[in-house]
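Chain letters run A, B, ... following the sequence lines, proteins first, then strands; residues in each count from 1. These values consider heavy atoms only, across backbone and side chains, with no hydrogens, waters or symmetry-generated copies.
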Amino acid sequence: MFYRSFAKICDPVKKFESLVFQRMKAQLQHLLEQSLSALKQQGVLPEDFSPRIQVDRTKDISHGDLATNLALMAAKPAKQNPRALAQALVDNLPSSALVEKTEIAGPGFINFYLNPNWLSEQVSQMAKSERCNVAKAQQLQTVVVDYSAPNVAKEMHVGHIRSTIIGDAVVRTLEFLGHNVIRANHIGDWGTQFGMLIANLEDLEQGQGEDNIDLADLEAFYREAKQRYDSDEVFAERARNYVVKLQGGDEYCQKMWKKLIDITLDHNQAVYDRMNVSLSKQNVMGESQYNAMLPGIVEDLLAQKLAEEDQGAIVVRLDEYKNKDGDPMGVIIRKKDGGYLYTTTDIACAKYRVQELGADRVMYFIDSRQHQHLMQAWTIVRKAGYVPENVPLEHHAFGMMLGKDGRPFKTRSGGTVKLVDLLDEAQERASQIVEEKSQYLEPQERQHVASVLAQASVKYADLSKNRTTDYIFDWDNMLAFNGNTAPYLLYAYSRIQSIFRKAEIDQQGFSAPIILEHDAEVALAQKLLQFSDTVNAVANKGMPHMMCNYLYELAGSFMSFYEACPILKDGTSEADKNSRLQLATITAKVIHQGLDLLGIETLERM
RNA sequence: GCACCCGUAGCUCAGCUGGAUAGAGCGUCGCCCUCCGGAGGCGAAGGUCACAGGUUCGACUCCUGUCGGGUGCGCCA
């Protein structure tokens, strides 16, 4: 069945040329390790002392560029004063091109000052690198990412936006690092509501003719079916009948059901395309896909004595969760009428992803209300041995979308806000801004700018927040040109493009030695080198807001640099001009790459 | 009743694996226009990190309790 098309397991990821970039933290860690083992040989430290060596960026330049607390951690096992130990660590540190000098500060921190020559070399490499110095992951994994998950016969609404956008950004980031990513769109395509939907579709077809069905407004269709189900007993009876027949595999009902799915997927795809979300119909893995697995799972859980019968239903008792009497909570996996529940589906789903798709890691981008439910399902999954302990099942939760007034985000009449309406409004607001501020652009380009701006603003507003609780949706905030917003980043990017236009230099192929003299130049160079760490952090934690924060800081560093270090002004030496153009072009490249990983386009002019 | 999530500046949010003086933007108040796109930059004011204990050389971060908010909890998904 087409809609069940399992994601094909991709070809084994090609052996890539591993880009060997000296990462500053890793290199320092290595140096410290050597110093540590020297001290062990000298008997200063016990042999079995092997801490995780921590190297951090400092917050204040007076503390150097990087620092370690290693001496503080080692003080106790060494039975030594931390500062004295810090000195011993420094004395045994091999010399390196990376470090210009070290300092011992405070209670026993070791501060490292980076060699500016080393810095400029690294940044120069970045200019040549296709990947902005981001190496592919050393251990390539198959990662299943569950996101978006709208319902059949309903239109996508604001409740789906966060899962869709954040999930898509994480997917792009993982793929950039070389992982084999399987997008899983777990659409709600099963359940008792299909009886009334089929019945309603049937009536609609009889009225309009089978081929003339126009379900432009899925919401209205769903509401109508529900309303008839609640008020018309004859209709309700027919609906209940269809549920049974559908579950029994009745051909006619299956056909009608597929029709509903098909119509919905077309709606959804239009929204995904409009939002530049990388999902396609091939990524649909709906709930119904797991139906065939459910009987076997229940039997297996019974056989394993994890499940038992209780009042006709099959129940798994979990000591980890208590019910209101303080007894182990029973999770029903099969109703007394023989029907299955979504917990059973989610058990099957996790099992399938690991056993059939070969996942090394599974990430779920689902709202926080599902948390407890997922934990229960996964507890059972672990106990039954369907997913080994070394394969993480991760729930990346988020809260509800609230309006500026702190109340649930609704239409004026109190209805759910459809995603298309939200995008339309974004488009309108962005157009207004562009009409006002970009009059020098041709109308056609203005329209393009407005649509990129709209899409970017909506997506970025979501991506830049890390709340697991409810969050506030505010048009004015997300469309502002100040602060951590898409417009600010797009502006910074387009401004760099304009420097090159003005200088009449092609960025492609431009190359010049980098000179780091001014504080602002050094700060910008250091910020550029943090890109690789940021990409990895987003992938490891599934948190795209870390990329947003980074890009915002980068743009800020660039703006400060641009203010302090003239590029095309008279009085700037040729060498400085070229060096600064080089820094500008790398900055643009990183912003472009970073936004691309977030699923956001850039603008050459705005 | 039980469970999960959360509580950081007036507002919206950061704060990475426990590190040095808790950071941005908006708003408020200043400064910088013979300016490379002012859609910008620089600065000031604004904090009992909900509260109370504990662990630690060191806690916004970890543990316990209290208060406050959100959400969920046997036959819907």
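As judged by a 4.0 angstrom heavy-atom cut-off over every strand, His373(A) is placed among residues making no nucleic acid contact. Within 4.0 Å (heavy atoms only), Ala313(A) reaches at least one base atom of the nucleic acid. Contact annotation for Lys541(A): backbone-only contact, meaning every heavy-atom pair under 4.0 Å involves sugar-phosphate atoms and none involves a base. Across all strands shown, Lys465(A) has heavy atoms under 4.0 Å from sugar-phosphate atoms exclusively, and none from any base. Within the nucleic acid shown, Asn111(A) comes within 4.0 Å of at least one base atom, counting heavy atoms only. Using a 4.0 Å heavy-atom cutoff across all strands shown, Asn484(A) reaches no nucleic acid atom at all. Counting non-hydrogen atoms under 4.0 angstrom, Lys502(A) reaches the backbone sugars and phosphates but no base. Residue contacts for Ala105(A): at a heavy-atom cut-off of 4.0 Å it reaches a base atom on one of the strands shown. In this structure, Ala397(A) reaches neither bases nor backbone, as no heavy-atom distance under 4.0 Å exists between it and the strands shown. Using a 4.0 Å heavy-atom criterion, one finds that Ser494(A) contacts the bases of the nucleic acid, with or without backbone contacts as well. Residue-level contact check: Met375(A) touches neither bases nor backbone, having no heavy atom under 4.0 Å from any strand. At a threshold of 4.0 angstrom between heavy atoms, the contacts of Glu553(A) with the nucleic acid are absent. Within 4.0 Å (heavy atoms only), Arg334(A) reaches no atom of the nucleic acid at all. When heavy atoms are screened at a 4.0 angstrom cut-off, Ile567(A) is found touching base atoms of the nucleic acid.
Comparing the P positions of G47(B) and C31(B) gives a spacing of 24 Å, expressed to the nearest Å. A59(B) and C49(B) have their P atoms separated by 12 Å, given to the nearest Å. A distance of about 11 Å separates the C1' atoms of G41(B) and C35(B), rounded to the whole Å. Comparing C42(B) with G25(B), their P atoms sit 8 Å apart, to the nearest whole Å. Spacing of P atoms, G65(B) relative to G19(B), comes out at 25 Å, to the nearest Å. Using atom P as the reference point in both G10(B) and G53(B), the two lie 23 Å apart (nearest Å). With C1' as the reference atom, G15(B) and G68(B) are 23 Å apart, rounded to whole Å. Comparing the C1' positions of A3(B) and G74(B) gives an interatomic distance of 15 Å, to the nearest angstrom.
If you check U56(B), C4(B), A77(B) against the side chain of Leu341(A), the one that comes closest is A77(B). Between G74(B), G19(B), C36(B), one nucleotide has an atom nearer to the side chain of Leu72(A) than all others, and that is G19(B). In this structure, of G19(B), G74(B), G15(B), it is G19(B) that holds the atom nearest to the side chain of Gln54(A). Considering only the side chain of Met606(A), G37(B) comes nearest among C35(B), G37(B), C75(B). Minimum atom distance to the side chain of Phe481(A) is reached by A39(B), of the listed C75(B), A39(B), U71(B). Distance from the side chain of Phe109(A) is smallest to G19(B) among G19(B), G15(B), G41(B). Considering only side-chain atoms of Arg317(A), the nucleotide from C13(B), A39(B), G74(B) that sits closest is G74(B). The side chain of Met73(A) sits closest to G19(B) out of C13(B), G19(B), C42(B).
Ring geometry for Tyr488(A) versus Tyr552(A): interplanar angle over 60°, hence perpendicular rather than tilted (30 to 60°). Using cut-offs of 30° and 60° for the angle between ring planes, the Trp378(A) and Tyr364(A) rings count as tilted. A perpendicular orientation is assigned to the rings of Trp475(A) and Phe473(A), their planes being inclined by more than 60° (bins at 30° and 60°).
For Asn482(A) and G40(B), the shortest distance from a side-chain N or O to OP1 or OP2 is below 4.0 Å. Distances shown here put a side-chain N or O of Arg495(A) below 4.0 Å from the OP1 or OP2 atom of G38(B). At C13(B), none of the side-chain N or O atoms of Asn549(A) fall inside 4.0 Å of OP1 or OP2 (strictly under the cut-off). Checking the phosphate oxygens (OP1, OP2) of G37(B), no side-chain nitrogen or oxygen of Arg605(A) falls inside 4.0 Å. Lys335(A) has no side-chain polar atom (N or O) that falls below the 4.0 Å cut-off from OP1 or OP2 of G74(B). Proximity of Lys404(A) to the phosphate of C11(B): no side-chain N or O atom is located under 4.0 Å from OP1 or OP2.
Met400(A) places its CE atom 15 Å from the P atom of G69(B), with the value rounded to the nearest Å. Residue Tyr488(A) contributes atom OH, which lies 15 Å from atom C1' of C26(B) at whole-angstrom precision. The nearest whole Å value for the distance from the CZ atom in Arg467(A) to the P atom in G7(B) is 6 Å. One can place NZ of Lys59(A) at 10 Å from P of U21(B), the figure rounded to the nearest angstrom. Between the CE atom of Met329(A) and the P atom of G1(B) there is a distance of 16 Å, given to the nearest Å. We find that CH2 of Trp378(A) is positioned 14 Å from C1' of C4(B), with the value rounded to whole Å. For Gln432(A) and A39(B), the CD to P distance is 18 Å, given to the nearest whole Å. One interatomic measurement links the two molecules: CD1 of Ile499(A) to P of C35(B), which rounds to 16 Å at whole-angstrom precision.
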*Pairing of RNA chain B as dot-bracket, 5' to 3': ( ) intra-strand, [ ] crossing, | other strand, . unpaired, with Watson-Crick or G-U pairs under 3.5 Å?*
(((((((..((((.....[...)))).(((((.......))))).....(((((..]....))))))))))))....
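Residue Tyr562(A) places a side-chain atom within donor-acceptor reach of the base of C36(B), judged by atom type and a 3.5 Å distance cut-off alone. Side chain Ser438(A) to base A39(B): a donor-acceptor pair is found below 3.5 Å. Put simply, the side chain of Asp56(A) and the base of G19(B) share no donor and acceptor less than 3.5 Å apart. Interface remark: the Ser498(A) side chain does form a donor-acceptor pair with the G37(B) base, using a distance-only criterion of under 3.5 Å. The base of A39(B) lies outside donor-acceptor range of the side chain of Tyr491(A), with no N or O pair under 3.5 Å.
Nearest-nucleotide assignment on RNA chain B puts the 5′-proximal partner with Lys437(A), out of Lys437(A) and Ser368(A).
Residues Val434(A) and Met606(A) form no side-chain contact, since every pair of their non-hydrogen atoms from C-beta on lies 4.5 Å or further apart. Looking only at side-chain heavy atoms (C-beta outward), Arg162(A) and Met401(A) stay at 4.5 Å or farther from each other. In this structure, Tyr550(A) and Phe531(A) have side chains that are in contact, with non-hydrogen atoms separated by less than 4.5 Å. In this structure, the side chains of Arg334(A) and Thr344(A) stay at 4.5 Å or more apart for every pair of heavy atoms.
Annotation for Ile61(A): atom CD1 does not count as buried by contact number, only 12 or fewer foreign heavy atoms lying within 6.0 Å. Heavy-atom contacts from other residues, nucleotides or ligands closer than 6.0 Å to CD of Gln29(A) number more than 12.
Ring-base stacking between Trp190(A) and A77(B) is not satisfied when judged by a centre separation under 5.5 Å and a plane angle under 30°.
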